[in-house]
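Note on naming: letters A, B, ... go to the chains in the order of the sequence lines (proteins, then strands), and numbering restarts at 1 for each one.
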Amino acid sequence: MTKPFYITTPIFYVNAEPHIGHTYTSVITDTIARYHRLAGEDTFYLTGTDEHGDKISQAAEAKGQSTQAFADHIAGIFRSTWDELDFSYDRFIRTTEPAHIETVQHILQKVYDAGDIELREYSGQYCVGCERFLTDRDLDEEGRCKDHEKPPEERKETNYFFLMSRYTDWLAEHIEKNPGFIRPAGYAKEVLSMLRSDNGLEDLCISRPKERLQWGIPLPFDTDYVCYVWFDALINYLTGINYPDDPQFEERWSNVEHIIGKDILKPHGVFWPTILKAAGLPIYQHLNVHGFWNVDNRKVSKSLGNMISPLVMRERYGFECFRYFLLREMSFGRDASFSEEALVTRVNADLSKNLGNLESRCIKMLGRFREGIVPEPGAATELEKDLEALVKRIPITVDEQMRNMEPHRALASVFELVDATNKYIDQRAPWKLAKETDNAESMELLDKTLYSVCEMLRVISLLLAPFLPETASRILERLGLAGALEKAVLPQDAQAWGGLPVGNPTQTGDPLFPRLEMPAAEDAN
RNA sequence: GGGCCUGUAGCUCAGGGGUUAGAGCACCCGACUCAUAAUCGGAGCGUCGUAGGUUCAAAUCCUACCAGGCCUACCA
């Protein structure tokens, strides 16, 4: 029985179409999932859409559609986009699914029975136009609603509250005792400061009266209310692996990794563990938090119109190029800048000039000098031993980096192999050896060299597969190793020097990464 | 107000108590010509935000300050 591995993206809110942020989250998750599959783990990758809440019903109304039709439409766009991009998710969950509604109600009932949910009356400043209670920040100097310029009315309402504050100390202690529980570490500190802020942790309002909101899941213990936001959204991670009935649920759940953007740190870092605790379930392994992409030095936002569509990027540059840029350019956890110029520069340098050209020169030389047949390597000399040592070491490093959620560093490690191979070729100068056809020693050295570079390509392809799956299989195919990825196990198969069979027929092909053109400078408007 | 993060080469950023501070891009010189005018070698480039402190030793730890960003407030 192989080790289970469960990884999730957040469910994406269906108020916008997929942009660079959603895409980055999914690219990271897909890459990590692919790595664990290649490591022989029983991997399950969950993604989906969050479809409840008044924003959705309002957006639907604005478009003159039924809420369900609107949600179906946007959810469909997400799903088809992810399919187009070949993300390897195992389930696409929607919060409007009956199975999910059932799970949410099950958990709500459980927490309610445990005494951690209670009905409270509170009063506040309610704006009829907004259909919600306002905070001080929503008010202007004269105490009026900023949007409607009308004074709010004092209104009382009863709602259900999750008694989250009970778990403050428990959670703080857990975070302190488990370094890496929330990572990178800066975000764990951030959560600790939320727990210890002056106000402390407040209880969480989890309902809305039905007269104010209908588009939601009814509370099982009081059908005059629907569940509001976080219980609904977070519990998808349980529904996704068929809580509670699936026989594999427990094992999967004990190996879950959540990937999120830093904007939803609080719900995932605070609400979610406390909900799980209250429901009597174990909490997640790791919360992995990534930063934001700044586009043209600005935050991505709908109003600026600077959202980057993954499908447009794919059409313009090829999706693996875009994907590579996202993975390589952002240090996981930190913010990064996106521009098409930077993408073109990075892709040309790393993928065209280094990797692509390496593949091209290796396979073409083999074709030219040895009719494309992988030759006998013979005994290793110092240079080959250096390569072998690198091949022993790098896959382990990559493995550690992937498990520490540092894909950008793992990718840099893989490229150490590419650089070493380019350098090795220059040291050996096989094109010179090839001319010395009557020198047996040179011929032997040429064989050794050609074997070694192709073997390096094999290793590089295996390690690259989670990042650039299509490129990896293309290279392997050209090495006469089609289908190798289905059998490969990382890191050991990448470490095993000599995995490329002697006598294997190879074939040349078009450049993997033709040089990209710089985008035409756009007008400043 | 409270909290967090960032400030390192012209640009984008790694690194994070210990030999002369790193990479890529850009620029310069050289080598090579198998390859996508790719590759390899070499050179230059920095008071590691500022001022103090701890230490045998600080870009790295501590304090204060300056600058930018973020969270605190449901955009990945």
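Contact annotation: A/Lys353 side-chain N/O to B/rA37 OP1/OP2 distance is not under 4.0 Å. When the side-chain nitrogen and oxygen atoms of A/Asn354 are compared with OP1 and OP2 of B/rU39, one or more of them lie within a distance under 4.0 Å. Between A/Ser331 and B/rC13 there is no side-chain N or O to OP1 or OP2 distance below 4.0 Å. When the side-chain nitrogen and oxygen atoms of A/Lys423 are compared with OP1 and OP2 of B/rG41, one or more of them lie within a distance under 4.0 Å. Checking the phosphate oxygens (OP1, OP2) of B/rC4, no side-chain nitrogen or oxygen of A/Ser193 falls inside 4.0 Å.
Nearer the 5' end of RNA chain B, as judged by each residue's closest nucleotide, is the contact made by A/Glu406, out of A/Ser352 and A/Glu406. Residue-to-nucleotide proximity on RNA chain B shows that, of A/Gly356 and A/Glu190, the 5′-proximal contact is made by A/Glu190.
If you check every strand for non-hydrogen atoms under 4.0 Å, A/Tyr187 touches nothing. Using a 4.0 Å heavy-atom cutoff across all strands shown, A/Arg334 reaches sugar-phosphate atoms only and no base atom. Note on A/Asp335: nothing from the nucleic acid sits closer than 4.0 angstrom, heavy atoms only. Nucleic acid contact class of A/Thr9 (heavy atoms, under 4.0 Å, all strands): none. Contacts of A/Ile363 with the nucleic acid, taken as non-hydrogen atoms under 4.0 Å apart, are absent. At the heavy-atom level, A/Thr345 lies under 4.0 Å from the strands shown only through sugar-phosphate atoms. When heavy atoms are screened at a 4.0 angstrom cut-off, A/Glu329 is found touching the sugar-phosphate backbone but no base atom.
In this structure, the side chains of A/Val459 and A/Glu455 come closer than 4.5 Å at one or more pairs of heavy atoms. Using a 4.5 Å heavy-atom cutoff, the side chains of A/Val226 and A/Lys210 are in contact.
Separating the CD atom of A/Glu341 from the P atom of B/rA26 is a distance of 14 Å, rounded to the nearest angstrom. The nearest whole Å value for the distance from the CG atom in A/Asp350 to the P atom in B/rA23 is 15 Å. Rounded to an integer number of Å, the gap from CG of A/Asn294 to P of B/rA76 is 16 Å. As rounded to whole Å, 15 Å separates atom P of B/rA14 from atom CD of A/Gln401. Atom OH in A/Tyr424 sits about 15 Å away from atom C1' in B/rC40, given to the nearest Å. In this structure, A/Met405 atom CE and B/rA76 atom P are separated by 19 Å, rounded to whole Å. The interatomic distance linking A/His408 (NE2) with B/rG22 (P) rounds to 20 Å, in whole Å. Taking atom CG of residue A/Leu195 and atom P of nucleotide B/rU72, one finds them 14 Å apart after rounding to whole Å.
The same atom, P, is picked in B/rC61 and in B/rC5; the two are 11 Å apart, to the nearest Å. For the C1' atom pair drawn from B/rG17 and B/rC34, the interatomic distance equals 47 Å after rounding to whole Å. With P as the reference atom, B/rU50 and B/rG10 are 14 Å apart, rounded to whole Å. The P atoms of B/rA76 and B/rG7 are separated by 27 Å, rounded to the nearest whole Å. Across B/rA23 and B/rA9, the matching P atoms stand 14 Å from one another, rounded to whole Å. Atom name C1', nucleotides B/rU20 and B/rC45: the rounded distance is 15 Å, in whole Å. Here the separation of B/rU12 from B/rG52, taken at their C1' atoms, is 32 Å to the nearest Å. To the nearest whole angstrom, the two C1' atoms, one in B/rA58 and one in B/rC25, are 30 Å apart.
B/rU50 and B/rA64 make up a base pair, with Watson-Crick or G-U wobble contacts both under 3.5 Å. Applying the Watson-Crick and G-U wobble criteria (two distances, each under 3.5 Å), B/rG17 pairs with nothing in any strand. Under the Watson-Crick or G-U wobble criterion, with both distances below 3.5 Å, B/rU33 is left unpaired in every strand shown. Nucleotide B/rC25 forms a Watson-Crick or G-U wobble pair with B/rG10, both donor-acceptor distances falling under 3.5 Å.
For A/Tyr228, taking side-chain heavy atoms from C-beta onward, the closest of the listed nucleotides B/rC74, B/rC71, B/rC32 is B/rC74. In this structure, the nucleotide among B/rC40, B/rU36, B/rA35 sitting nearest to the side chain of A/Arg361 is B/rA35. For A/Trp293, whose side chain is taken as the heavy atoms from C-beta onward, the closest listed nucleotide among B/rA76, B/rU36, B/rA14 is B/rA76. Out of B/rC34, B/rU33, B/rG3, the shortest distance to the side chain of A/Lys432 is found at B/rU33. Which of B/rU39, B/rU33, B/rG24 sits closest to the side chain of A/Ala349 comes down to B/rG24. Of the candidates B/rU36, B/rC34, B/rA76, the closest approach to any side-chain atom of A/Asp426 belongs to B/rC34. Closest approach to the A/Asn422 side chain among B/rC40, B/rA35, B/rC32 is made by B/rC40 (side chain taken as heavy atoms from C-beta onward). Side-chain proximity of A/Met365 to the nucleotides B/rC34, B/rA76, B/rC4 is greatest for B/rC34. Ranking B/rC70, B/rA35, B/rC74 by closeness to the A/Arg368 side chain, first place goes to B/rA35. Out of B/rU39, B/rG3, B/rC5, the shortest distance to the side chain of A/Lys189 is found at B/rC5.
Ring pair A/Phe78/A/Trp82 is perpendicular by interplanar angle, where above 60° counts as perpendicular and below 30° as parallel. Between A/Tyr237 and A/His258, the two ring planes are tilted [angle within 30° to 60°].
Distance alone, capped at 3.5 Å, is enough to place a donor-acceptor pair between the A/Thr168 side chain and the A/Ser165 backbone.
Side chains of A/Arg393 and A/Ser413: a donor-acceptor N/O pair is absent below 3.5 angstrom, by distance only. At a cut-off of 3.5 Å, with distance as the only test, no side-chain donor of A/Tyr451 or A/Glu384 sits close to an acceptor on the other residue.
More than 12 heavy atoms of other residues, nucleotides or ligands sit less than 6.0 Å from atom CD of A/Glu157.
Salt-bridge formation is not detected for the pair A/Arg79/A/Glu84: no Lys NZ or Arg NE/NH1/NH2 atom is positioned less than 4.0 Å from an Asp or Glu carboxylate oxygen.
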